[in-house]
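All of these numbers come straight from a predicted model, not from anything done at the bench. Numbering of ligands and ligand atoms starts at 1, following listing order.
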Amino acid sequence: MFLEPGFGNQRSGWIEVICGSMFSGKTEELIRRLKRARIANQKVEVFKPSKDVRYDDKKVVSHDENAMLSRPIVLSKEIMSIHEETQVIGIDEAQFFDSDLPKFCVALAEQGKRVIIAGLDMDFRGEPFGPMPNLLAVAEYITKVHAICSHCGNLATHSYRLSEEKQTIVLGEKDKYEPRCRTCFSMGTILDFRHK
Ligand code: ZN
């Protein structure tokens, strides 16, 4: 489990990335860290991309409905509009943001902020997703969480798309995706009973 390095007398902040496939518990882990910061009376602000409106316009909502209020934004530069006294910034579904997100996260860390980012590391093709690879490169701390493969029970790293849609961003839940390990992911539609 990730344990915070402590704010202490540190003059600069840092960047944490929580990544993994769908159903791996990324958002739950983000919420856990943000809640701990709040309990410690640290000022927290949370952002999510406005295109992710699967559950609620204003909340970071994980699959277990363990919700936390967030601000939907369109452009990554809007995270620079935080209140000066904010110490911890949470960003959910970071894969949907533009390629400038790493630059702004670095700027906030240099201002002494703790930036915690959650996002899908790979898209449905198994390719690195949006700004995630660059965020992983600039982060001090990286946590890769895993789901359980729907077919074999091994650790799942991939988000397999059950529908035939081809565009990179298709919002959906268990109706459209399932977690798979590398082997079951590469077997593709052979395992795809639901669409036969
Ligand atoms: Zn598997």
Side-chain angles (χ1 to χ4, degrees), residues 1-3 15-36 46 48-49 51-56 59-68 70 90-99 101-102 105 115-196:
M1 186 184 290
F2 181 82
L3 291 175
I15 299 170
E16 300 164 31
V17 175
I18 304 158
C19 67
S21 68
M22 292 186 72
F23 316 109
S24 61
K26 298 180 299 296
T27 301
E28 288 88 342
E29 176 61 17
L30 173 66
I31 290 172
R32 186 186 75 85
R33 294 184 195 184
L34 295 174
K35 280 188 172 166
R36 282 158 59 82
V46 194
K48 69 172 190 177
K51 65 180 73 155
D52 181 37
V53 289
R54 279 174 298 176
Y55 309 98
D56 189 299
K59 289 175 183 164
V60 171
V61 184
S62 58
H63 308 276
D64 62 3
E65 295 180 4
N66 187 3
M68 197 153 191
S70 73
I91 302 168
D92 197 25
E93 303 288 357
Q95 75 278 356
F96 292 148
F97 278 110
D98 52 87
S99 59
L101 183 60
C105 292
V115 185
I116 316 173
I117 299 152
L120 285 168
D121 44 13
M122 287 182 276
D123 64 17
F124 79 103
R125 295 184 188 88
E127 301 287 338
F129 207 149
M132 289 301 288
N134 288 2
L135 289 165
L136 288 161
V138 297
E140 273 87 349
Y141 305 101
I142 295 166
T143 304
K144 189 148 182 162
V145 287
H146 299 92
I148 305 290
C149 177
S150 297
H151 294 276
C152 71
N154 284 328
L155 285 181
T157 45
H158 290 66
S159 307
Y160 182 77
R161 185 180 287 170
L162 297 162
S163 66
E164 311 242 306
E165 291 149 296
K166 294 283 179 267
Q167 64 270 42
T168 303
I169 299 177
V170 174
L171 297 177
E173 281 305 319
K174 287 181 184 138
D175 55 326
K176 295 212 169 154
Y177 295 94
E178 66 183 15
R180 289 192 181 183
C181 70
R182 186 185 296 282
T183 306
C184 295
F185 180 81
S186 67
M187 290 172 81
T189 51
I190 297 167
L191 294 173
D192 202 352
F193 306 118
R194 291 182 217 190
H195 287 262
K196 294 268 158 74

Practice item. Look only at the side chain of Arg161 and the backbone of Thr168, and say whether a donor-acceptor pair between them is shorter than 3.5 Å. Key: yes
Exercise for review: Indicate yes or no for a side-chain donor-acceptor contact from Ser21 to the backbone of Pro179 under 3.5 Å, with no hydrogens or angles considered.
Suggested key: no
Practice item. For the Zn ion (ligand 1), check which protein N, O or S atoms are under 2.8 Å away and list them. Key: Cys149 SG, Cys152 SG, Cys181 SG, Cys184 SG
Check your understanding: Ignoring hydrogens and geometry, is there a side-chain-to-backbone donor-acceptor pair from Gln95 to Leu120 under 3.5 Å?
Key -> yes
Check your understanding: With side chains defined as the heavy atoms from C-beta onward, is the minimum distance between Val170 and Tyr177 less than 4.5 Å?
Key -> yes
Review point. Do Lys26 and Glu29 sit within salt-bridge range, that is, some charged N less than 4.0 Å from a carboxylate O?
Key: no
Check your understanding: Taking Ser70 as the fixed residue, which of Ile91, Leu34, Val46 is the one that meets the side-chain contact (heavy atoms from CB on, under 4.5 Å) rule?
Key -> Val46
